[in-house]
*Asks:* 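Below is a structure I'd like to ask you about.
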There are 2 protein chains.
Amino acid sequence: MSAEKERSLSTQKAILKLIPVFRKYGYEGTTLSMLSQASGLGKASLYHHFPQGKAQMARAAFDYIGSSFEDTVLEPLSGKGEPRERIEAMCCSLKEFYDNGRNACFLAIMSFGEADNLFHDLVKQKLKTWIDILAQVLIEAGIEANQAKDRSTEAMMQIQGAVILVRILDDTTLFKKLIENLPAQLLD
Amino acid sequence: MSAEKERSLSTQKAILKLIPVFRKYGYEGTTLSMLSQASGLGKASLYHHFPQGKAQMARAAFDYIGSSFEDTVLEPLSGKGEPRERIEAMCCSLKEFYDNGRNACFLAIMSFGEADNLFHDLVKQKLKTWIDILAQVLIEAGIEANQAKDRSTEAMMQIQGAVILVRILDDTTLFKKLIENLPAQLLD
DNA sequence: GTCTATACACCGATAGAC
DNA sequence: GTCTATCGGTGTATAGAC
């Protein structure tokens, strides 16, 4: 279930438009003009929704994506089926979430430069949580705890790397292949 | 051997000072004021060395690091020993090059936002070349060509991911572990 | 080859009308 | 809740003295 802060509907709609801008240009590469254009709102209107400005917009985008990740990618992990089936469901959602690797990962985006100063602990916390959740399922599948955490961490690492290589090489096949092999790699 | 463009000694010394700034803050997060301070040169002096401005500074940093990567990391691969020994030598250099994962990868840094617009083909070309060079050694070691390329690509992916996770989690152990296991993963 | 001084656009952010 | 207009600051880049 999502931990999204309550927001007016119009604010939520604005956040959806801001996300792709931050995703593509990063925190510092994103300007209020871009955000204004993407959202269809004037700069002053953005400040109505986000009084603390750009940092708050980035934070809102981050939170939204985090909730979305939890609801779509992690949620299947806490289902009722066999661990393998749940992990396969996660991988399926993962492909969509990252658009086969074309979407930059917000965690990576927000771990650079000024964004790192602003959000380091938040990003670290999120990543650790997600690693733990995945590891928990592996433990449930009978894998020893340390091993489970290592494999979970390794998977996150590969996903991060795959997203970068997809962007550089303009080729989504290696992301697809990664995801295809992920269940076996995690469980066997 | 390096393909570095010839430059005056003072220009080369300046480039060395610029690199850490771009590495840490990315292309758009880096300002001329930062570069001026880091290099100890006034902004106008930077323009003497790099008439096309910030883009040229980033390009020079990119080229310098590329040459450095070739000279220190890839060079051992073309030595005379056994493939395994050469790959182990590469891994050793790799650890130093990335400072155990604390250094962001310039390829990743330059694949975002405006830098991507400026340098996309250049970055892509470099990465492809490096993947090919590593794959070539694997082929020499008796691995089938497609398999060799896949493993080489996978290694690059893991390195990229590891660098990101090190930065987010403030923990270099997973980078070290990755490098430790790399020779076996590539060859066995 | 380095500097000071400056040009001018755009940055993030705010005031205040509607 | 959105807008136009504008602020002060900083961005990249240049001119020109030394």
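Being a predicted model, the structure only gives us computed values, none of them experimental. Here is the naming used below: chain letters follow the sequence lines, and residue numbers restart at 1 for every chain.
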*Asks:* What pairs with D150(A) under side chain to side chain contact (heavy atoms under 4.5 Å, CB included), at least two apart in sequence or on another chain?
*Replies:*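 Once residues adjacent in sequence are excluded, the partners of D150(A) under the side chain to side chain contact (heavy atoms under 4.5 Å, CB included) criterion are K177(B).
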*Asks:* Nearest-Å distance, CG (L46(A)) to P (dT14(C))?
*Replies:*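 Rounded to the whole Å, the gap is 13 Å.
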*Asks:* What integer distance in Å separates M34(A):CE from dC10(C):C1'?
*Replies:*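 M34(A) atom CE is separated from dC10(C) atom C1' by 11 Å.
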*Asks:* If you find the nucleotide of DNA chain C closest to Y27(A) and the one closest to A44(A), which residue's nucleotide is nearer the 5' end?
*Replies:*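 Taking each residue's closest nucleotide, the earlier one in sequence belongs to Y27(A).
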*Asks:* Under 4.0 Å between a side-chain nitrogen and a carboxylate oxygen: does that hold for E70(A) and K126(A)?
*Replies:*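 Salt bridge between E70(A) and K126(A), a charged N being under 4.0 Å from a carboxylate O: yes.
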*Asks:* Describe the nucleic acid contact of S10(B) in one word from base, sugar-phosphate, nothing, applying a heavy-atom distance below 4.0 Å.
*Replies:*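 It contacts nothing in the nucleic acid.
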*Asks:* Can you measure H48(A) atom NE2 to dA13(C) atom P for me and round it to whole angstrom units?
*Replies:*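 It is 17 Å, rounded to the nearest whole Å.
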*Asks:* Once side chain to side chain contact (heavy atoms under 4.5 Å, CB included) is applied, do any residues pair with D121(B), and if so which ones, sequence neighbours excluded?
*Replies:*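 Side chain to side chain contact (heavy atoms under 4.5 Å, CB included) list for D121(B), sorted by chain: empty.
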*Asks:* What's the CG-C1' distance between L35(A) and dG12(C), to the nearest Å?
*Replies:*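 One finds 11 Å between C1' of dG12(C) and CG of L35(A), rounded.
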*Asks:* Using whole Å, report how far NZ of K54(B) lies from C1' of dC11(C).
*Replies:*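 Atom NZ in K54(B) sits about 12 Å away from atom C1' in dC11(C).
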*Asks:* Among dC3(C), dG12(C), dT14(D), find the nucleotide with the atom closest to the side chain of L41(B).
*Replies:*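 In terms of side-chain proximity for L41(B), the closest of dC3(C), dG12(C), dT14(D) is dC3(C).
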*Asks:* With the side chain of K43(B) defined as its heavy atoms from C-beta on, choose the nearest nucleotide among dT2(D), dA13(C), dA13(D).
*Replies:*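 Nearest listed nucleotide: dA13(D).
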*Asks:* Determine, using ring centers only, whether F112(B) and F112(A) are less than 6.0 Å apart.
*Replies:*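 Yes, they do, as the ring centres are separated by less than 6.0 Å.
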*Asks:* Figure out the CD/P separation between E114(B) and dC11(C), and round it to whole Å.
*Replies:*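 Value for this atom pair: 12 Å.
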*Asks:* I want to verify a distance call: between dG1(D), dG1(C), dG11(D), whose nearest atom is closest to the H49(B) side chain?
*Replies:*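 The nucleotide sitting nearest to the side chain is dG1(C).
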